[in-house]
Amino acid sequence: MIVAERKSIPELVDIIKDHKKIMVLGCGTCVTVCLAGGEREVSIISSALRIAAQVKGSNFEIEELTIERQCDNVFIEEAAEAIERNDAILSLGCGAGVQAIAERYIDKPVYAGLNTAFLGILEERGHWTEKCAACGTCVLHKYGGICPITRCAKHMQNGPCCGSREDRCEVRPDQPCAWQLIYQRLKNIGQLDRLKEIEPPKNWETSLDGGCRVIVRDDHKI
Amino acid sequence: MRLQYPTNIRIIRTPCTGKLEVEYFLRAFEKGADGILVAGCEEGSCHFIEGNFMAKRRVNYCRDILTEAGFEKERLRMVNIGAADARLFVEIVKDMIETVRNLGPNPLSQAQSPKSVKEEIHP
């Protein structure tokens with residue numbers, strides 16, 4: 001899922017300071033699961049913004065709303081009336097959600113309330129880690145299901161780098177060496193031979209180089 | 001024992017401090033509460049195993065948010081008091097009231113009467 005975290009309250013106050021009627025718009029999908037932009041966070045951030053404004057002697061009129069998915073027009077429509085009656089939108093969706101709202105309501109300022117961080121998973125309660133860099137050419141099948149692009153600090157496809165200490169990364173000692181994990185995993189599944197294959201330089205054309213990426217499926221077009 | 005404690009506090013009962021959410025504290029302050037004292041069971045004696053630890057983390061998170069918003073975090077405090085420890089309860093309540101009195105009234109300019117918080121919880 002997409003993992004995000006909220007911007008600080010002073011930063012948010014600064015972002016919305018020119019408006020009086022704000023709608024704080026939450027998203028019920030990824031950012032709800034990572035506890036950054038769901039219904040509860042909408043309530044908390046709205047309260048904090050009102051408190052911050054009143055402490056300084058000013059005031060915001062804040063409307064709170066959470067829709068199922070901000071990145072989908074079908075659900076964005078549900079917020080249409082509420083969006084119309086406010087001066088600006090503070091979206092607690094991911095970067096895709098914020099842009100979907102902004103594209104749909106061309107005359108309405110839309111601001112991001114979160115910093116969208118990465119594609120990751122919940123390791124334990126309150127602890128998320130990045131697992132996928134969305135590089136566009138998945139190599140997980142070659143490395144026992146452990147991504148060297150995301151989890152190796154040097155993105156090495158022909159590792160290890162010889163800098164690891166014990167089983168820890170030399171760049172991030174708080175993290176395990178991805179190549180140690182890959183070795184263990186391949187050993188466990190009897191595929192250590194894969195490490196004898198030399199991986200050619202990665203084709204980064206499918207990554208962020210050259211603007212946003214597009215997938216078109218003719219079979220789904222109407 | 002017949003211990004006396006100040007009358008300017010309102011007791012709000014919850015099944016467990018683990019029931020308390022961050023937005024409850026924020027809304028209480030918005031409605032005009034001058035201070036909030038969260039009194040949980042002693043650590044290790046929660047009937048629901050870890051309710052008071054969850055409350056502690058939420059109170060700490062809420063204090064961080066209040067600080068970011070420029071609001072005095074000292075107005076929100078969590079303590080652990082055994083159900084039978086009346087003497088400690090009175091002592092802590094008096095100390096909390098002293099802390100809040102030194103800070104003055106809730107600075108939120110348009111804050112409503114604390115009565116409305118109670119009405120909201122028990123309409």
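Remember, it's a predicted structure, so these values are computed and weren't measured experimentally. Naming: A, B, ... by sequence-line order, numbering from 1 per chain.
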Check: Which residues, numbered in order, of residues 37-52 of chain A come under 4.5 angstrom of chain B by heavy-atom distance?
Finding: A:R40, A:S43, A:I44, A:S47, A:A48, A:R50, A:I51, A:A52
Item checked: Neighbours of chain B found in residues 2-11 of chain A - heavy atoms under 4.5 Å -> A:R6, A:S8, A:I9, A:P10
Checklist line | Smallest separation among heavy atoms of A:Y111 and A:A88, with atom names | finding: CE1-CB, 3.9 Å
Notebook entry, point to check: Who pairs with A:E123 by side chain to side chain donor-acceptor pair (under 3.5 Å), at least two apart in sequence or on another chain?
Noted result: A:T129, A:K131
Item checked: Partner residues of A:N188 under the side chain to side chain donor-acceptor pair (under 3.5 Å) criterion, sequence neighbours left out ->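 With sequence neighbours excluded, A:N188 shows a side chain to side chain donor-acceptor pair (under 3.5 Å) to no residue whatsoever.
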Checklist line | Ion pair B:E50/A:R125, N-O distance below 4.0 Å | finding: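 The answer is yes: the pair qualifies as a salt bridge.
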Notebook entry, point to check: Are A:K154 and A:E170 within salt-bridge range, i.e. N to O under 4.0 Å?
Noted result: yes
Notebook entry, point to check: Measuring heavy-atom distances to chain A, does B:Y61 have an atom under 4.5 Å in its side chain, in its backbone, in both, or in neither?
Noted result: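 The side chain, not the backbone.
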Check: Will you find, in the side chains of A:Q180 and A:S164, an N or O donor that is under 3.5 Å from an N or O acceptor?
Finding: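 No, no side-chain donor-acceptor pair sits under 3.5 Å.
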Next item on the list: Please state whether the rings of B:F89 and B:Y5 are parallel, tilted or perpendicular, taking 30° and 60° as the class boundaries.
Entry: perpendicular
Note to self: Counting C-beta onward and ignoring hydrogens, is there a side-chain heavy-atom pair between B:P105 and B:D34 closer than 4.5 Å?
What the structure shows: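 Answer yes - side chains close enough.
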Item checked: Within 6.0 Å of CD1 in A:I106, more than 12 heavy atoms from elsewhere ->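 It does not: A:I106 CD1 has 12 such atoms or fewer within range.
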Check: Of A:K20, A:E61, A:K21, A:E63, which is the lone residue that meets side-chain hydrogen bond (donor to acceptor under 3.5 Å, both in side chains) with A:N86?
Finding: A:E63
